[in-house]
Amino acid sequence: MSLWPLLALLLVLGLLRWRLLPIPLERDEGEYAYTARAILHGIPPYTESYDPKMPGLHALYALILWIFGQTAGGIRQGLLLCSLASTALVYFLGRRVFDGDGGAALCAAAAFALLSLSRRVLGFTANAEHFLLLCLILGLLL
């Protein structure tokens, strides 16, 4: 099976997430962005703000702000990239789990993409879970 259906799915997911770029930051996102911006200005984590999460999330946010700009849209672009990567990894994991069945893998990736957009899981926000899932799926694939 070719990768065209996966690319089509990623295009649809990208277009859906692109609409979410101008949404203002949610409470936790603002906290992460504040600490990440401090990191970009040379201030170590936990000196001017405190968060019980490990500093890796703040460092990732700093990287996103550095690459895409220090705006809510920049954070959403980082989330879009993370979501696309996670969906693609679910597809490749599905191919492995379902013995190369591209149709089943595509269904798994589509289900993941749709569920990751749900308001019930705050799918429109760049919270830690999205970035954690990317690492988790990659670990499962490896």
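Just so we're clear, the structure is a prediction, and the values are computed from it rather than from any experiment.
- In this structure, CG on L93 lies 10.0 Å from CG on L138, to the nearest 0.5 angstrom.
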### Query
Checking side chain to side chain contact (heavy atoms under 4.5 Å, CB included) for the pair I39/I43: CA distance, chi angles, key distance, verdict?
CA-CA 5 Å; I39 290 171; I43 300 167; over 6 Å; no
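- Between L140 atom CG and C135 atom SG the span is 11.5 Å, to the nearest 0.5 Å.
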Could you tabulate the donor-acceptor pairs under 3.5 Å formed by side-chain atoms of residues 48-56, not counting sequence neighbours?
unit_1: S49; atom_1: OG; unit_2: T35; atom_2: OG1; d: 2.9
unit_1: D51; atom_1: OD2; unit_2: H58; atom_2: NE2; d: 3.4
unit_1: K53; atom_1: NZ; unit_2: Y32; atom_2: OH; d: 3.2

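- To the nearest 0.5 Å, the span separating CD on E129 from CG on L134 amounts to 13.5 Å.
- Following chains of ILVMFWY side-chain contacts shorter than 4.5 Å, one cannot reach V90 starting from L114, and the two form parts of different hydrophobic clusters.
- Note that OG of S86 is 6.5 Å distant from CG of L133, once rounded to the nearest 0.5 Å.
- Taking every heavy atom of both residues into account, I75 and A33 meet most closely at CD1-CB, 3.8 Å.
- Distance alone, capped at 3.5 Å, is enough to place a donor-acceptor pair between the D101 side chain and the G103 backbone.
- Residues L6 and L80 share a single hydrophobic cluster, defined by chaining ILVMFWY side chains whose heavy atoms lie under 4.5 Å apart.
- Among residues two or more places apart in sequence or in another chain, the salt bridge (charged side-chain N to carboxylate O under 4.0 Å, His left out) test is passed with E29 by R76.
- Closest non-hydrogen pair, L84 versus L10, comes out as CD2-O, 3.3 Å.
- Side-chain heavy atoms closer than 4.5 Å link hydrophobic residues (I, L, V, M, F, W, Y) into clusters, and following such links, possibly through other members, connects F98 to L142.
- Within the structure, the salt bridge (charged side-chain N to carboxylate O under 4.0 Å, His left out) test picks out no pair touching residues 4-14 (sequence neighbours left out).
- Sorted by first then second residue, the ring pair (Phe, Tyr, Trp, His ring centres under 6.0 Å) pairs that include residues 105-142, not counting sequence neighbours, number zero.
- Taken from CD1 in I137 to OG1 in T87, the straight-line distance is 7.5 Å, to the nearest 0.5 Å.
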Would you be so kind as to tabulate the donor-acceptor pairs closer than 3.5 Å made by side chains of residues 60-72, with sequence neighbours excluded?
unit_1: Y61; atom_1: OH; unit_2: A126; atom_2: O; d: 2.5
unit_1: Q70; atom_1: OE1; unit_2: R37; atom_2: NE; d: 2.6
unit_1: T71; atom_1: OG1; unit_2: G73; atom_2: N; d: 3.4
unit_1: T71; atom_1: OG1; unit_2: G74; atom_2: N; d: 2.9

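- Remark: side-chain polar atoms of S118 are not paired, donor with acceptor, to backbone N or O of L115 under 3.5 angstrom.
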Identify every side-chain donor-acceptor pair in residues 13-27 under 3.5 Å, counting partners at least two apart or on other chains, and give the distances.
unit_1: R17; atom_1: NE; unit_2: S83; atom_2: OG; d: 3.1
unit_1: R17; atom_1: NH1; unit_2: G123; atom_2: O; d: 2.7
unit_1: R17; atom_1: NH2; unit_2: S116; atom_2: O; d: 3.0
unit_1: R17; atom_1: NH2; unit_2: G123; atom_2: O; d: 3.1
unit_1: E26; atom_1: OE1; unit_2: D28; atom_2: N; d: 3.2

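- Clustering ILVMFWY residues whenever any of their side-chain heavy atoms sit less than 4.5 angstrom apart, transitively, puts L81 in a cluster other than the one holding L117.
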